[in-house]
2 protein chains.
Amino acid sequence: MSPAPTPRPRDAATPRSRDRDATARGLMQAAIRVLARDGFTALGPNAVAAEAGCDKKLIYRYFGGMDGLLESLGEDIALWLAGPPPELPEGAAYGNRIGTLLSAYAEGLRGDLALQRLLAWELAETGAPLRKLDAARSAAFGQWVGGMLRGSSPPAGVDAPAVNAVLLAALHYMTLARRSMGRFAGLDLATPEGQARLDAALAFLVDRAYGPAPEDAP
Amino acid sequence: MSPAPTPRPRDAATPRSRDRDATARGLMQAAIRVLARDGFTALGPNAVAAEAGCDKKLIYRYFGGMDGLLESLGEDIALWLAGPPPELPEGAAYGNRIGTLLSAYAEGLRGDLALQRLLAWELAETGAPLRKLDAARSAAFGQWVGGMLRGSSPPAGVDAPAVNAVLLAALHYMTLARRSMGRFAGLDLATPEGQARLDAALAFLVDRAYGPAPEDAP
DNA sequence: TTCATAAGTCACCGATTGGGGACATGCAAG
DNA sequence: CTTGCATGTCCCCAATCGGTGACTTATGAA
């Protein structure tokens, strides 16, 4: 899920590669580019084919339509979450792991416009192809985070999955709001200061949630 | 911002009211209904006029187009956040107020499909008319919450606006995710149990954020 | 070299979109 | 009663949409 290696609005001189796999890949990357640039409302056969520089008919021949193309995109997990997991000290506490994991993911998400557009899409529409895309993305993400938490467990009495979901949801929302509105709930997300306050608030909540409970201190 | 008092797909027998203000209001309410039912991707002149049961030409005559209609919707703050503020004990602590306020808002948001659609819209697209709509909504919300927090202040050392923004963002995201995907980050949001875990996690975070700091305990 | 087949292109279809011009009609002022 | 005007309706427009049939052309096997 990166902006795309090859900016491939067809060169009119080159006589088309006549290589099915290559053009199919080109269509997939074009779809990602269109999604990143113009959002899901513009993600149609016409736009994708124009971006890829070939005829839209090939979308139907090779993928059976846009739904099939999206499905193929979901299966190609290599395109998702390209960044390697962040380094972690051996015996790091659960809260520490969640904190660094969250900020690493935040940085990756901020740089991945297509992923942002996909998240917004998931919130706006329902539909079978979208569900499959989300399932693939969720699975990849789950694996990414799962491997990083292996061997450490949250403090007792804390519903860690629910708390983590809340923090992740907040991160998603504010990242999307930053791009589209630039501000949210009175905070200016466009400025580095606003962004810093947000990151600090997230870190603060992680610390309070997974640090020692108030009554634990002697 | 409620589903609409009058389900007004024109009665073919009644010969049209010939009342400019009434039809203008009807168009606004129709727009809200279309937004709630089909989402912002379907919110066009054709759909709104069909829903209102009159000709789309009137949208251009009375509002100058869809953008003007949306702007008028924003100015009509009476349609937003109809619910009255929840009751609060006199000397309630800041954390308590945030908690009850958050859950009251959550309940209202869950029941207001049009507002949900609007939030998703704001995350998906940019544009002048949308910005004005959001500004109106944000202002109304700010007043709603502002009045309820008057006279109490957060614990020192806590960036309350940022923390509240995070919690609110999480609430928004999970409410939208519940409607569209039904699940998020491994949590099943459709079941009452999942919803309860989420509410509990939010309350837990509020408590930890605004309760006594770990080192405060003797 | 021939030739079947797949890769690619082009032109077209019906439906729907966001608009606007031309016209009918009811109401209220004269 | 007549007349002016705002209200409402109808029909048309160009553009775009998703989708497909018919065609050309390159390539690899015989």
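We name chains A, B, ... by the order of the sequence lines, and we start the count at 1 in each one.
Side chain of Ser180(A) to main chain of Glu122(B): a donor-acceptor pair is present (N/O by atom type, distance under 3.5 Å, no hydrogens or angles). No donor-acceptor pair closer than 3.5 Å links the side chain of Arg183(A) to the backbone N or O of Leu189(A).
Comparing Pro45(A) and Arg20(B) against DNA chain D, the residue whose closest nucleotide sits nearer the 5' end is Arg20(B).
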For residues 192-200 of chain A, run the donor-acceptor check on the side chains, cut-off 3.5 Å, and write out each pair with its distance to 0.1 Å, sequence neighbours left out.
unit_1, atom_1, unit_2, atom_2, d
Glu193(A), OE1, Thr191(A), OG1, 3.4
Arg197(A), NE, Asp159(B), OD2, 2.7
Arg197(A), NH2, Asp159(B), OD1, 2.8
Arg197(A), NH2, Asp159(B), OD2, 3.4

Show me the side-chain donor-acceptor pairs of residues 52-69 of chain B shorter than 3.5 Å, one per line, residues at least two apart or across chains.
unit_1, atom_1, unit_2, atom_2, d
Asp55(B), OD1, Lys57(B), N, 2.9
Lys56(B), NZ, Asn46(B), OD1, 2.8

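Asn46(A) has its CG atom 9 Å from the C1' atom of dG19(D), to the nearest Å. Rounded to whole angstrom, the span from the NZ atom of Lys56(B) across to the P atom of dG21(C) amounts to 14 Å. Rounded to whole Å, atom C1' of dC23(C) lies 14 Å from atom CG of Leu58(B). Rounded to whole Å, atom C1' of dG19(D) lies 17 Å from atom CZ of Phe63(A). In this structure, Ile59(A) atom CD1 and dA7(C) atom P are separated by 16 Å, rounded to whole Å.
When side chains are defined from C-beta on, Met181(B) counts as touching Arg131(A), because their heavy atoms get closer than 4.5 Å. Using a 4.5 Å heavy-atom cutoff, the side chains of Arg137(A) and Leu115(A) are in contact.
Dashed line: the shortest gap from a side-chain N or O of Thr23(B) to OP1 or OP2 of dG8(D) is under 4.0 Å. The phosphate of dG19(C) (OP1 or OP2) has a side-chain N or O of Tyr60(B) nearer than 4.0 angstrom.
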Problem set entry | Contact pattern, 5' to 3', of nucleotides 21-30 of chain D - B, S or - by protein heavy atom under 4.0 Å | BB--BB----
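With dG18(D), dA7(C), dG8(D) as the candidates, the nucleotide lying closest to the side chain of Tyr62(A) is dA7(C).
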